[in-house]
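Report on the following structure.
Just so you know, these numbers use all the heavy atoms, side chains as well, and skip hydrogens, waters and symmetry mates. Below, chains carry the letters A, B, ... as their sequence lines are ordered, and counting in each starts from 1.
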There are 2 protein chains.
Amino acid sequence: MGVTKTEIFTDEQNRIADLAKAFAHPARVAILQLLAQRKACVCGDLVDELPLAQATVSQHLKELKRIGIIQGEINPPRVCYCINETVWEEARRAFGSAFDTYVATTRCC
Amino acid sequence: MGVTKTEIFTDEQNRIADLAKAFAHPARVAILQLLAQRKACVCGDLVDELPLAQATVSQHLKELKRIGIIQGEINPPRVCYCINETVWEEARRAFGSAFDTYVATTRCC
DNA sequence: ATTAACTATCGTATTATTACGATAGGTATT
DNA sequence: AATACCTATCGTAATAATACGATAGTTAAT
């Protein structure tokens, strides 16, 4: 995304932006929905479910892992992915409180 | 962000991704925080608050307007921006139900 | 040992994003 | 009318993101 001067923003703002990136692509939304719905971890089944190349899915999984919202356990030759509950709750709270800062009082425009 | 095959995903998935983009950059998080906190609309004060060029702030505002989460009322020579309550609530519900689809039961990996 | 199956990574083409200076266009003030 | 002020847009450079084929590396099965 171009340059993004992260140093001029607070850690909280940068973290929220990063957590939002987890949901900022429909493929990642789909992956997170699949992982959230199935109690059992889906592994490479994700590739079958999504009309994307294996390399592309793997790339999205890598991004989600970087953010921390999912985790993978290597179980060769497969890898088992699942939601990282801690980060999931962190994201829930972060967005929750972000939305709560707006109290709909009087309109202005 | 490259190509993004939106046509292979559901409308809901694409909408969530779009709403997430509103928060997927720290500058936009900062803008939304300012607009949410102040009951009165901040206008070009945003440019003073953020250490970014006026053109850059305007570009972020345009993106937030495209998503619909903010709205601007032209009041020349100023423009008054504020949260669009409808879309704000839409986003709250969308993320809320997204997070609720995950019920922490048994771990798998 | 070969083969098959599953993933991650590399390389690369294409497109999107970010940032900013410069400019244009609007209104209010002088 | 000229000026000052505010904001949007244009043009552009730099960088990030998306997607995929090809390849490499792993383990299980033959």
Side-chain angles (χ1 to χ4, degrees), chain A residues 1-9 13-14 17-32 34-35 41-67 70-82 109, chain B residues 1-9 13-14 17-32 34-35 41-67 70-82 109:
Chain A
M1 300 176 181
V3 216
T4 305
K5 301 169 144 189
T6 53
E7 70 281 3
I8 63 178
F9 300 105
Q13 287 164 343
N14 283 311
D18 230 29
L19 289 170
K21 275 182 200 162
F23 293 88
H25 191 284
R28 291 196 291 271
V29 173
I31 291 173
L32 291 174
L34 285 168
L35 291 181
C41 278
V42 193
C43 313
D45 304 335
L46 293 166
V47 178
D48 298 332
E49 304 266 6
L50 300 171
L52 291 171
Q54 181 264 324
T56 306
V57 174
S58 193
Q59 203 169 253
H60 282 300
L61 289 170
K62 186 180 181 181
E63 174 69 1
L64 291 172
K65 261 194 297 185
R66 181 192 66 77
I67 296 166
I70 70 168
Q71 60 194 198
E73 182 171 281
I74 300 171
N75 202 346
R78 293 152 210 270
V79 178
C80 182
Y81 284 105
C82 63
C109 62
Chain B
M1 297 176 183
V3 216
T4 306
K5 301 168 142 188
T6 53
E7 70 280 3
I8 63 177
F9 299 105
Q13 287 164 343
N14 283 311
D18 231 28
L19 290 171
K21 275 183 200 162
F23 293 88
H25 191 284
R28 291 197 291 272
V29 173
I31 291 173
L32 291 174
L34 286 168
L35 292 181
C41 280
V42 193
C43 312
D45 304 334
L46 293 167
V47 178
D48 298 331
E49 303 265 7
L50 299 172
L52 290 171
Q54 182 264 324
T56 306
V57 175
S58 194
Q59 201 169 253
H60 282 301
L61 289 170
K62 185 179 182 182
E63 174 68 1
L64 290 172
K65 262 193 297 184
R66 182 192 65 78
I67 297 166
I70 70 169
Q71 60 194 197
E73 183 170 279
I74 299 170
N75 202 346
R78 293 152 211 270
V79 179
C80 182
Y81 285 104
C82 64
C109 61

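- Distance check: A:Phe9 CZ to B:Leu52 CG gives 4.5 Å after rounding to the nearest 0.5 Å.
- Listed pair B:Tyr81 / D:dA8 meets the phosphate criterion, a side-chain N or O lying under 4.0 Å from OP1 or OP2.
- Out of C:dA8, C:dT17, C:dC6, the shortest distance to the side chain of B:Lys21 is found at C:dT17.
- Look at CD1 on B:Ile31: it is 11 Å from P on C:dT18, rounded to the nearest Å.
- Here D:dC6 presents its C1' atom at 12 Å from CG of B:Asn75, a figure rounded to the nearest Å.
- Between the CG atom of B:Asp48 and the C1' atom of D:dC6 there is a distance of 11 Å, rounded to whole Å.
- Rounded to a whole Å, the CG atom of B:Leu61 is 16 Å from the P atom of D:dC6.
- The distance from atom OG1 of A:Thr56 to atom NZ of B:Lys5, rounded to the nearest 0.5 Å, is 7.5 Å.
- Here the P atom of nucleotide D:dA19 and the CG atom of A:Leu50 are 10 Å apart, to the nearest Å.
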Exercise. Which is it for B:Leu32 and B:Ile70 under the side-chain contact (heavy atoms from CB on, under 4.5 Å) test, yes or no, and what are the steps along the way?
Worked result: CA-CA 8 Å; B:Leu32 291 174; B:Ile70 70 169; 3.7 Å; yes
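- Side-chain contact between A:Asn14 and B:Val29 is absent, with no heavy atoms from C-beta onward closer than 4.5 Å.
- Counting only distance, with no hydrogens or angles, the side chain of B:Arg28 and the backbone of B:Leu64 share no donor-acceptor pair below 3.5 Å.
- At whole-Å resolution of the value, CD1 in A:Ile70 and P in C:dA8 are 9 Å apart.
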Problem set entry | Under 4.0 Å protein heavy-atom contact, by nucleotide of nucleotides 20-30 of chain D - B base, S sugar-phosphate only | BB----BS---
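- Comparing A:Gly44 and A:Ile8 along DNA chain C, the residue whose closest nucleotide (by nearest heavy atom) sits nearer the 5' end is A:Gly44.
- When the side-chain nitrogen and oxygen atoms of B:Arg78 are compared with OP1 and OP2 of C:dA28, none of them lie within a distance under 4.0 Å.
- In this structure, CG of B:Asp45 is placed 9 Å from P of D:dC6, rounded to the nearest angstrom.
- For A:Thr4, the side-chain atoms get nearest to C:dA19 when compared with the rest of D:dA8, C:dA8, C:dA19.
- Within a 6.0 Å sphere centred on CD1 of B:Ile74, heavy atoms belonging to other residues, nucleotides or ligands number 12 at most.
- Of the side-chain N and O atoms in B:His60, none sit less than 4.0 angstrom from OP1 or OP2 of C:dT17.
- Residue A:His25 contributes atom NE2, which lies 11 Å from atom P of C:dA16 at whole-angstrom precision.
- Interatomic distance, A:Arg78 CZ to A:Cys41 SG, rounded to the nearest 0.5 Å: 13.5 Å.
- Remark: B:Ser58 is not in phosphate contact with D:dT7, judged by side-chain N or O atoms under 4.0 Å from OP1 or OP2.
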